[in-house]
Number of protein chains: 2
Amino acid sequence: MAHDHGMPADLTRNQELVLGALNHAPAPLSAYDILDKLRSEGLRAPLQIYRALDKLVERGLAHRLESLNAFVACADAHCHRKGLIAFAICEACGKVDEFADEVIEERLGAWAKDTGFKTERTTMEIRGKCAACLKAAA
Amino acid sequence: MAHDHGMPADLTRNQELVLGALNHAPAPLSAYDILDKLRSEGLRAPLQIYRALDKLVERGLAHRLESLNAFVACADAHCHRKGLIAFAICEACGKVDEFADEVIEERLGAWAKDTGFKTERTTMEIRGKCAACLKAAA
DNA sequence: GCGGCGACGTTATGCTATAACGTATTCAAG
DNA sequence: CTTGAATACGTTATAGCATAACGTCGCCGC
Ligand SMILES: [Zn+2]
Ligand SMILES: [Zn+2]
Ligand SMILES: [Zn+2]
Ligand SMILES: [Zn+2]
């Protein structure tokens, strides 16, 4: 079971190809990166990638990283439905660590309640250096 | 003192023009939006805007909103914050509310310490509807 | 004066994302 | 079976965001 990333069975061919590309990448990919990886499979146009990405993101199988204009496969394909997600992105190796924090989520909820703001979506992205890269540089 | 936004005196002409444009805008502006507003002042090329924006953002006089690819003037021109800044962006009217939360900041700091991640920059952007727009829609 | 530095202006280019069109497939209602 | 809605698809063209690479200018310390 070398590459079981828990890919759902009801994806279209394009969606499956795009998610596969993200799953095998060690770092986030831009839509055009993905396109380049999939030309050999017959994909030719950016829109084919963007349309697949839209569906994958909608379903929570992939995430868009706003500060990179790039995408990653969800790190937790089984239970990531609920709540705020934060991403820690290493500037050195590109690796992304996806995590959730209930305290932060609750705190944002309280702020929204106080100000009467209705939250629809939150993006939280931390840029820096991961432990491995820091260690390697030392 | 109609438009005293606390603009520093040591800005270059281009930086002053760009910051002025941001200060007078009711909502975030893209670099190209800014360029269009400043053609009458003689600015012609995107790079003139981006260079000014780089400096302004570096000094904390303006902020980049990653999820919009746009920029806003700092809402707190007198004491540019040192810590984490969060932005709540209304999808209806475009208004941006800038705030800080020490609890969240501390929580992220704790996460970073636990995982050995060295944070360099954090972006936090909430999309939704502001209280005024919700009220107007009701 | 000279050399380093930082801002500037211009042209060209590259990367990211969507508009607009038509076609193919599926599926359920009539 | 036919029809029509819904959805995915493919293609071309275009829009929107950002930087590379070059040379110039003015300032300031030496
Ligand atoms: Zn996820
Ligand atoms: Zn790393
Ligand atoms: Zn600010
Ligand atoms: Zn609003």
Side-chain angles (χ1 to χ4, degrees), chain A residues 7-22 25 27-59 61-72 89 91 94 96 121 123 125 127, chain B residues 7-22 25 27-59 61-72 89 91 94 96 121 123 125 127:
Chain A
M7 199 178 299
D10 64 341
L11 296 177
T12 68
R13 170 175 155 84
N14 287 2
Q15 288 162 20
E16 203 173 288
L17 287 169
V18 168
L19 185 51
L22 290 177
L29 298 177
S30 77
Y32 282 76
D33 291 338
I34 297 169
L35 177 56
D36 287 340
K37 287 183 182 298
L38 295 180
R39 285 192 195 282
S40 59
E41 301 290 344
L43 276 72
R44 298 153 183 261
L47 216 49
Q48 296 178 283
I49 310 298
Y50 281 108
R51 288 203 272 230
L53 284 170
D54 282 347
K55 293 299 179 194
L56 294 173
V57 168
E58 197 178 304
R59 292 182 56 170
L61 299 171
H63 302 292
R64 174 186 175 83
L65 300 175
E66 302 282 0
S67 67
L68 294 179
N69 293 328
F71 301 82
V72 285
I89 303 165
E91 312 250 321
V96 174
R121 175 170 14 120
T123 91
E125 301 176 15
R127 309 286 294 268
Chain B
M7 197 178 299
D10 65 341
L11 296 176
T12 68
R13 170 176 155 82
N14 286 3
Q15 287 162 21
E16 202 173 289
L17 287 169
V18 168
L19 184 52
L22 290 177
L29 299 177
S30 76
Y32 282 76
D33 291 338
I34 298 171
L35 178 56
D36 286 340
K37 287 183 181 299
L38 296 180
R39 286 193 193 281
S40 58
E41 301 289 343
L43 276 73
R44 298 152 184 262
L47 217 48
Q48 298 177 281
I49 310 299
Y50 281 109
R51 288 203 273 230
L53 285 170
D54 282 347
K55 294 300 179 191
L56 294 172
V57 168
E58 197 179 306
R59 295 183 52 170
L61 298 170
H63 302 292
R64 175 185 174 83
L65 300 174
E66 302 284 0
S67 67
L68 293 178
N69 292 330
F71 301 83
V72 284
I89 304 164
E91 313 249 314
V96 174
R121 179 169 15 118
T123 92
E125 300 175 16
R127 310 286 296 266

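In what follows, every chain begins at residue 1, and chains take the letters A, B, ... in the order their sequences are listed.
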Interatomic distance, A:Arg44 CZ vs D:dT11 P [rounded to whole Å]: 5 Å
Side chain proximity check, B:Leu53 to B:Leu22, heavy atoms < 4.5 angstrom: yes
Side chain to side chain contact (heavy atoms under 4.5 Å, CB included) partners of B:Ala25, counting only residues at least two apart: B:Leu29
Distance in angstrom units between A:Leu11 CG and D:dA8 P, rounded: 11 Å
Spacing between B:Lys55 atom NZ and C:dC8 atom C1', to the nearest angstrom: 12 Å
For atom CD of A:Gln48 and atom C1' of C:dT16, their distance in whole Å: 17 Å
Side-chain touch A:Lys55/A:Leu11, heavy atoms, less than 4.5 angstrom: no
Check ion pair B:Glu66-B:Arg64 (N to O, under 4.0 angstrom): yes
Side chains of A:Leu43 and A:Ile34 in contact at under 4.5 Å (non-hydrogen atoms): no
Spacing of A:Leu65 atom CG relative to C:dT16 atom P, expressed in whole Å: 13 Å
Atom-to-atom span, CD of A:Glu66 to P of C:dT16 - whole angstrom: 14 Å
B/S/- contact track for nucleotides 12-28 of chain D, protein heavy atom under 4.0 Å: B----BBBBB-------
Side chain to side chain, A:Ser67 and B:Arg121, heavy atoms closer than 4.5 Å: no
Distance, rounded to the nearest Å, where A:Leu35 contributes CG and C:dC15 contributes C1': 12 Å
Interatomic distance, A:Leu53 CG vs C:dT16 P [rounded to whole Å]: 12 Å
